[in-house]
Amino acid sequence: MKELLFDKKHICVAVSKTKPVSAIKKIYDLGHRDFGENKVQELISKQEEMPKDIKWHMIGHLQSNKVKKVLPLTYLIHSVDSFKLIKTIDKESKKLNIKSNILMQLNISGEERKYGFSFKDAQFVIDENFKKEFSNIRLKGFMGMATYTDDKEIIINQFNRLNQFYNKNKYKIKSIEILSMGMSNDYKIALECGSNMIRIGSKIFGERNYL
Ligand SMILES: *Cc1c(COP(=O)(O)O)cnc(C)c1O
């Protein structure tokens, strides 16, 4: 597990959703500082209880009306999945006089019930808007979740496509440097496909009872 947490070639976000503060503390005491949550309320209550040098990553779907609360507490939002959300984050960041770090989430599995931009829409937003408009957002890169399957080929194809998208846009926007892909079941494949940030829950904290 320490290898997973402290390998210098990538950043590991320890996904602590549904897990108690005591479990987070154990990983914190090993020296780890990047933790991920997928619900705003849970992130807020854990943030209040835990040391202030933790970098909190918001990895779950974020509703616009909760942006204001979560912005001052988060180091990076991985799950920015709509143009409306981008606009809200920019507006609220202006009010707080901060610059917020975001990743655009791409729906790489193509499943309809999954959140995220299509590649086409994401490219449009980047080309039409990002270069000039959002003065209080720093676009740091992209996040994607592959189909949950044993078929390695499917996963490789989806990760490769996101990696290509990342590499293409890295040259357009200077702040882009993060490619967040890979979870407990597929992080090895993700790292082979160019990921530099993995989000690991069950492999660190054990299985969850619910998602
Ligand atoms: C829960 C979750 C993870 C971690 O999942 P594991 O399979 O437990 O590693 C990673 N990313 C997102 C967006 C999640 O919701």
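Start at 1 with the first residue, then count along the sequence. Note that ligands are numbered from 1 as they come in the structure, with each ligand's atoms numbered from 1 the same way. What's counted below: heavy atoms across the whole structure, side chains too, no hydrogens, waters or symmetry copies.
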* **Lys/Arg N to Asp/Glu carboxylate O, K46 vs E37, below 4.0 Å** => yes
So the atoms of ligand 1 within less than 4.0 Å of a heavy atom of I200 turn out to be 9 (O)
Restricting to heavy atoms, the pick from K203, H57, H78, M183 nearest atom 3 (C) of ligand 1 would be M183
- Message: Between H61 and S79, do the side chains contain a donor N or O and an acceptor N or O under 3.5 Å apart?
- Response: no
Are E92 and N136 close enough that a side-chain donor and a side-chain acceptor fall under 3.5 Å?
no
The atoms of ligand 1 lying under 4.0 Å from a heavy atom of R199, numbered in the order shown, are 4 (C), 9 (O), 10 (C), 11 (N), 12 (C), 13 (C)
Checklist line | N38 N/O to ligand 1 N/O under 3.5 Å | finding: no
Query raised in the report: Is M145 close to ligand 1, meaning an N/O of one under 3.5 Å from an N/O of the other?
Result: no
Ligand 1 atoms nearer than 4.0 angstrom to some heavy atom of S184 are 6 (P), 7 (O), 8 (O), 9 (O)
* Charged N to carboxylate O under 4.0 angstrom, K39 versus E42? -> no
- Query: Would you say N185 contacts ligand 1, with heavy atoms under 4.0 Å as the rule?
  - Reply: no
**Report entry** Side chains of R138 and S100, donor plus acceptor under 3.5 Å
**Finding:** no
| query | Are Y75 and H57 close enough that their ring centres sit under 6.0 Å apart? | reply | yes
